[in-house]
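Here is the naming used below: chain letters follow the sequence lines, and residue numbers restart at 1 for every chain. None of these values were measured; they are calculated from a predicted model.
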Amino acid sequence: MLQQTTVVAVVPYFERFMTRFPTVQQLAEAEESEVLKQWEGLGYYSRARNIHKAAQIVSSQLGGIFPSDVAGLQELPGIGRYTAGAIVSFAYDKRAPIVEANTLRLYARLLGYDGDPRSKEGQQVLWSFAEAVLPKTQPGRFNQALMELGASLCSPKLPDCEQCPVSGFCRAFRDQTQLEIPQLAKRAVITDVTEASIAVRRNNAYLLRRRTTGERWAGLWDFVRFELAAATTDDVPHIVESVHQRTGLKIDLGPQLAELKHGVTRYRITLKCFVADSVAGTLRDGEEWQWVKAAKFDDFALSVTGRKFAKLLAESLF
DNA sequence: AAGACGGGGCC
DNA sequence: GGCCCAGTCTT
């Protein structure tokens, strides 16, 4: 859960997740849909599928016992070099280096490494340093202490070098280059896109589609949804036709109910939300569809925008 | 090596 | 509005 996600965001998810799946066996036996439901809103949903698969491997192939070495742990889906090192050092208190966001910043600054820390060379430099500084005693506590130092005093924008216990060894402090290091690559440019989301209604239930592998939000449910070309954002016949192509259903499109803004990966999405009545046609094969009453939306793991739309829908019924 | 993958918090 | 977060996997 903590991969690329702040502790503050994770804590409530962690609490609920551990309550729902207290043992690796219970996680392994759960349906993937249930795991995704618990993960709903946290993002990076491949992590949920990976931890579920990993639990199944540990439970069925490893006798319920986690590997206690880095190589063995890295065999499990979703566990890379950092997570493996973290488990080995924190849980088993064995010597294993770690480099993640906090220690990456701390080590790059200590070394005065001004290259790209994520490049092959940068990774080599930082992991070697992480290995070299690791003590024989209490390596787990050592790793956690340095992560905490990176997260607190050695912060990205406002490092408190005056209070830092290792500023005497820090080349970035000596050179006053703290704010130039680490030299992280810029994020990809953001592209604006407009999408339509249509809650197609029939017999007091709404049409949901399970998003498939290869799509964003794979495994989550969503209303009928597609991108709108700039020229067609207010073109009602075009939307009606697109829904027909997508679902096989003829619809009577209602007014736009809401417009949601949502940033995701390298897109800023403007989502136009409509309600429509299905008046004819049969549902297309090859997709996972379900008609769901508003009261049952909570049983489905929805995308964040799908969830917001569902909430609006439920409220508008009053 | 570069991209994809999410969502929220902070300034 | 941009930056960043207890990374990993795919292409």
Side-chain angles (χ1 to χ4, degrees), chain A residues 1-14 36 39-54 70 73-91 96-108 115-124 126-127 130 140-152 154-159 179-192 211-220 222 260-269 271 301-308:
Chain A
M1 283 184 179
L2 287 162
Q3 290 167 357
Q4 287 290 285
T5 306
T6 56
V7 173
V8 172
V10 160
V11 167
Y13 282 88
F14 176 77
L36 284 169
W39 210 274
E40 181 188 57
L42 192 56
Y44 284 153
Y45 298 95
S46 62
R47 296 179 299 176
R49 291 189 297 278
N50 282 336
I51 199 173
H52 186 222
K53 285 184 209 135
V70 168
L73 284 161
Q74 276 196 256
E75 296 288 315
L76 295 171
I79 298 186
R81 193 172 179 184
Y82 159 69
T83 304
I87 294 171
V88 167
S89 65
F90 303 169
I98 58 163
V99 176
E100 41 62 75
N102 299 302
T103 43
L104 178 148
R105 184 171 52 251
L106 176 67
Y107 295 164
D116 176 358
R118 306 223 232 253
S119 68
K120 188 160 188 175
E121 183 203 60
Q123 287 290 299
Q124 162 71 21
L126 295 170
W127 280 95
R141 283 172 68 81
F142 179 86
N143 279 339
Q144 292 185 69
L146 291 200
M147 284 176 66
E148 187 59 27
L149 179 57
S152 55
C154 198
S155 62
K157 295 294 180 191
L158 204 63
L179 298 185
E180 281 84 82
I181 296 175
Q183 196 76 264
L184 295 174
K186 285 196 175 68
R187 300 267 284 192
V189 291
I190 302 299
T191 307
D192 283 306
R211 301 179 67 99
T212 58
T213 309
E215 283 185 291
R216 191 189 344 271
W217 302 307
L220 301 198
D222 211 344
L260 303 174
K261 301 269 189 190
H262 186 64
V264 55
T265 313
R266 46 174 287 259
Y267 297 98
R268 174 149 187 89
I269 300 173
L271 184 64
L302 294 165
S303 66
V304 166
T305 44
R307 172 65 49 195
K308 285 181 184 169

Q. To the nearest Å, how far apart are Lys186(A) NZ and dA2(B) C1'?
A. 16 Å

Q) Taking the P atom of each, how far is dG6(B) from dT11(C), in whole Å? A) 15 Å

Q.
dG7(B), OP1 or OP2 - any side-chain N/O from Tyr45(A) closer than 4.0 Å?
A. yes

Q: Send over the distance from Tyr82(A) OH to dC9(C) P, rounded to a whole Å.
A: 14 Å

Q.
Less than 4.0 angstrom between a side-chain N/O of Arg105(A) and OP1 or OP2 of dC5(C), yes or no?
A. yes

**Q.** Side chain of Pro156(A) (C-beta onward), nearest among dA1(B), dC5(C), dG7(C)
**A.** dC5(C)

Q | Between CG on residue Leu302(A) and CG on residue Leu36(A), distance to nearest 0.5 Å | A | 11.5 Å

Q) Hey, are the side chains of Gln3(A) and Tyr44(A) touching, using non-hydrogen atoms and a 4.5 Å cut-off? A) no

Q) Does a nitrogen or oxygen in the side chain of Thr83(A) sit under 4.0 Å from OP1 or OP2 of dT8(C)? A) yes

Q.
Tell me if the side-chain of Thr265(A) makes a donor-acceptor pair with the base of dG3(B), cut-off 3.5 Å, by modelled atom types.
A. no

Q) When rounded to the nearest 0.5 angstrom, what is the spacing between CG in Leu106(A) and CD in Glu100(A)? A) 9.5 Å

Q) According to a strict under-4.0 Å criterion, is His262(A) in side-chain N/O contact with OP1 or OP2 of dG6(B)? A) no

Q) Nearest-Å distance, CD (Gln123(A)) to P (dA2(B))? A) 14 Å

**Q.** Rounded distance (Å) that lies between atom P of dC5(B) and atom CD1 of Ile190(A)
**A.** 13 Å

Q) Looking for any heavy atom pair under 4.0 Å, which part of the strands does Ala101(A) touch: base, sugar-phosphate only, or nothing? A) sugar-phosphate

**Q.** Separation of atom CH2 in Trp127(A) from atom P in dG7(C), rounded to whole Å
**A.** 11 Å

(Q) Between P on dT8(C) and CZ on Arg49(A), what's the gap in Å once rounded to a whole number? (A) 16 Å

Q: From the options dG6(B), dC3(C), dC9(C), select the nucleotide whose nearest atom is closest to the side chain of Arg216(A).
A: dG6(B)

(Q) Once you apply a heavy-atom cut-off of 4.0 Å, does Gly150(A) come out as touching a base, just sugar-phosphate, or nothing? (A) nothing

(Q) With a 4.0 Å limit, can you tell me whether Gln4(A) has a side-chain N or O closer than that to the phosphate oxygens OP1/OP2 of dG7(C)? (A) yes

Q: Report yes if at least one side-chain N or O of Trp39(A) is closer than 4.0 Å to OP1 or OP2 of dG6(B); otherwise report no.
A: no

Q) When rounded to the nearest 0.5 angstrom, what distance separates CD in Gln144(A) from CG in Asn102(A)? A) 12.0 Å

Q. Mapping Ser119(A) and Ser46(A) onto DNA chain B by nearest heavy atom, which one lands closer to the 5' end?
A. Ser119(A)

Q: May I have the distance from Arg266(A) (atom CZ) to dG2(C) (atom P), rounded to whole angstrom?
A: 14 Å

Q: Could you check if a side-chain atom of Arg47(A) sits within less than 4.5 angstrom of a side-chain atom of Thr5(A), using non-hydrogen atoms only?
A: yes

Q) In Å and rounded to the nearest 0.5 Å, what is the CG to CH2 distance from Leu220(A) to Trp39(A)? A) 12.0 Å

Q: Give Phe90(A) one of three labels, base, sugar-phosphate or nothing, depending on what nucleic acid heavy atoms sit under 4.0 Å from its own.
A: base

(Q) Quick check: on DNA chain C, is the nucleotide nearest Leu2(A) upstream (toward 5') of the one nearest Pro77(A), or the reverse? Name the residue that is more 5'. (A) Leu2(A)

**Q.** First of Val8(A) and Glu215(A) reached from the 5' end of DNA chain B, by closest nucleotide
**A.** Glu215(A)

Q.
Base, sugar-phosphate or nothing for Ile79(A)? Non-hydrogen atoms, less than 4.0 Å.
A. sugar-phosphate

Q. Between dT8(C) atom P and Gln3(A) atom CD, what is the distance in whole Å?
A. 5 Å

